[in-house]
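The structure appears below as structure tokens.
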Amino acid sequence: MCLTIPSQVKEVSGRSAVIENARGKNTIDISMLPNIKKDDWILHVNKFAIRKISKKDAKEIMYLLESAKQIDLAGLSDKFKKIIEAARKRALTKDEIIYLLKTEGREKEALFSEANTIRKEYIKDFICIHGIIEFSNYCKNDCTYCGLRAGNKKIKRYRMSVEEIVKAADAAVNNKGYKLLVLQSGEDPYYTDEMLVEIITRIKEKCRVFIFVSIGERGQECYRKLKDAGAAGVLFRYETSSPKLFKATHPKGKNLENRFQHLKFMKELGYYIATGSLVGLPGQTVEDLADDILTTKEWANMVSMGPFIPMKDTPLGKSEEGGVEMNLKMIAVLRLLVKNSRIPVVTAFETVTGEEGRKRAFLAGANSLMFNLTPEKYRVQYKIYDNKFYQNEKMWEKYGLFKYEESYKMIEDRMGEEMVKN
Ligand code: 5AD
């Protein structure tokens, strides 16, 4: 489930080979690929060659994972250079974060380049691939930005049965090789705790996979049961750390304290936490975004953050889009602060930027992808916003998903590290 940078075989001797890529030379074990020859291209995980690939595909992957150009720091302001240096040694202050979020031109490019360097230093050239199954688009809430809001009478609602959900997960894990799946829905009380427990239990019986739930506020008891059934993580955004903005975008009865209470007990229950905010909500200031960065750093084992996209059938339908550049700066600053955590390029970002945007996000410090595995017939109806992006997943799935146990262990280790360090 992680795509890694290709290497070329330079020398073969018995069960080992010398390989080379942009990062230099390395000796690895090739016993899994006995027919490998000099000049072949391969993918390897740690010290093991995993797969032979064609030169053409190697070139394509290298293009996607290519290094950013190093930016010459000469000529950039002293303040900027001091902040970048400080970020190597300590957490940044809110003022420093604001400075970085306001950078333009060469300083902005230098910020991206530094974030990319940190990504490579801490997580190497791995791009992790996760899958998401959106199992119900019913929602009892009325968040003003979201197309699934109860007040939106224009979307066709669907619910997947327990059977369908288990089947979709089984295909994703056992046919395609996904090792981390997010099960997401609107806040939909139709699914009782018992049904959710059944879904998780049945998936865990069939699949060696990490299950993340993304089902909103359901109280501590429910999350305890799901954890006991085998859920590993939650994807639960606090959406915005500004109480004023939270109040303006959420209906009565919802409040920010309750979201943080959820995050608190989720953490206590031992969940791996993926959280973050929306970037570019109408009325959001740079100060608010700096607070979001600090809040995400405090709570997230993995970041979940994306641009606001106006959805026509919502109260914010005529507002301006969240903004790609600000989103990239948010990714980059977070990378300077959280160093080894996963920062996915989320679908909302790809919807605004397309495939090229994916690459720009990696070069600004992002390091994972979230692919949509919702069955086709439902997918189009999960309209959080319009024109959701799906593209080029085959290439990533072909090379990014290893069915080997080694690959599962890699995520397990990484998740362990991410939970300890944060
Ligand atoms: N644009 C971008 N993201 C949105 N979400 C909801 N509505 C929108 C929108 N219009 C995000 C929320 C939620 C996640 C599932 O989708 O942040 O947590």
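Atoms within each ligand, like the ligands themselves, are counted from 1 in listed order.
Ring geometry, Tyr223 versus Phe236: the interplanar angle exceeds 60°, so the pair is classed perpendicular (tilted spans 30 to 60°). By the 30° and 60° cut-offs, the orientation of the rings of His250 relative to Phe246 is parallel.
Considering only residues two or more places apart in sequence or on other chains, Ser277 meets the side-chain hydrogen bond (donor to acceptor under 3.5 Å, both in side chains) condition with Asp292.
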Glu287 and Lys94: CA distance, side-chain angles, deciding distance, side chain to side chain contact (heavy atoms under 4.5 Å, CB included) verdict: CA-CA 8 Å; Glu287 286 74 18; Lys94 184 171 168 186; 4.3 Å; yes
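Between the side chains of Glu187 and Asn141, a donor-acceptor pair is found at a separation under 3.5 Å.
Contact residues for ligand 1 (protein heavy atom closer than 4.0 angstrom to any ligand atom): Tyr145, Cys146, Gln184, Arg237, Glu239, Leu278, Pro307, Phe308, Ile309, Ile384, Tyr385.
Counting non-hydrogen atoms of other residues, nucleotides and ligands closer than 6.0 Å to NZ of Lys383 gives a total of 12 or fewer.
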